[in-house]
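To start, the structure itself, in structure tokens.
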Amino acid sequence: MLETKLLLLFGICLAAVLINGLVIVKFYAAGSKGAVPVVVVPLTENMETPEFIVRNCVYKIAERCPETIVAAVDFGADSETLNIFEKLMEHSCRYEIIDSEDCSENICKILGNLISL
């Protein structure tokens, strides 16, 4: 039962990342060159697909807009998942791994820093 709920939550988060990415790419392509996309990526315990999310979502967005910032939300991810994510993100774009407890506060801080630039 718990696995099903977590799988459903992961699917919803993945769909949100994909939709967010499409919106960002469309928005950026429409001429909003001053916009900086912020992509939120959920990282969960024993996650089997961090490579899929990064390669198929984040890289495509970052290739269109190199200023992209990735906010990876740690929902209890194990060290292997975090290491894989960090390794994939090293040469891609700016990223931050934030704790799920302070998620909204930290994302607001990231957005606030962008506005003040």
Side-chain angles (χ1 to χ4, degrees):
M1 184 71 172
L2 179 61
E3 292 85 10
T4 306
K5 287 182 180 179
L6 287 175
L7 187 58
L8 181 61
L9 177 64
F10 176 72
I12 291 169
C13 290
L14 181 59
V17 168
L18 289 171
I19 291 168
N20 187 22
L22 291 173
V23 169
I24 289 169
V25 169
K26 292 262 188 204
F27 182 73
Y28 189 72
S32 301
K33 303 294 185 197
V36 177
V38 177
V39 180
V40 179
V41 177
L43 298 175
T44 59
E45 185 177 3
N46 299 321
M47 187 174 180
E48 295 179 10
T49 58
E51 299 96 345
F52 174 79
I53 292 173
V54 172
R55 288 193 177 117
N56 290 305
C57 300
V58 176
Y59 284 177
K60 290 180 193 261
I61 296 167
E63 135 187 324
R64 297 282 303 237
C65 180
E67 300 87 21
T68 300
I69 299 171
V70 177
V73 182
D74 181 1
F75 286 100
D78 54 22
S79 60
E80 183 180 352
T81 300
L82 293 173
N83 288 338
I84 290 169
F85 180 80
E86 288 179 339
K87 198 71 163 166
L88 289 167
M89 293 301 298
E90 272 181 353
H91 305 291
S92 178
C93 57
R94 202 169 90 197
Y95 72 95
E96 289 187 39
I97 297 176
I98 57 179
D99 188 44
S100 62
E101 299 292 320
D102 307 323
C103 177
S104 59
E105 184 179 306
N106 286 328
I107 290 175
C108 287
K109 188 171 24 168
I110 291 169
L111 294 173
N113 290 341
L114 290 174
I115 292 170
S116 64
L117 290 177

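- Taking every heavy atom of both residues into account, Val70 and Phe85 meet most closely at CG1-CZ, 3.8 Å.
- Side-chain contact between Asp74 and Ile98 is absent, with no heavy-atom pair separated by less than 4.5 Å.
- The OG1 atom of Thr81 sits 10.5 Å away from atom CD1 of Ile97, with the distance rounded to the nearest 0.5 Å.
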Q) So Val58 and Met89, side-chain contact (heavy atoms from CB on, under 4.5 Å) or not? Walk me through it. A) CA-CA 9 Å; Val58 176; Met89 293 301 298; 3.8 Å; yes

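- Contact check for Thr68 versus Tyr95: no side-chain heavy atoms found under the 4.5 Å cut-off.
- Side chains of Ile69 and Cys93 form no contact here, defined as non-hydrogen atoms less than 4.5 Å apart.
- Other residues, nucleotides and ligands contribute more than 12 heavy atoms inside 6.0 Å of the CD atom of Glu86.
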Q: Apply side-chain contact (heavy atoms from CB on, under 4.5 Å) to the pair Phe75 and Leu43, showing each step before the final yes or no.
A: CA-CA 6 Å; Phe75 286 100; Leu43 298 175; over 6 Å; no

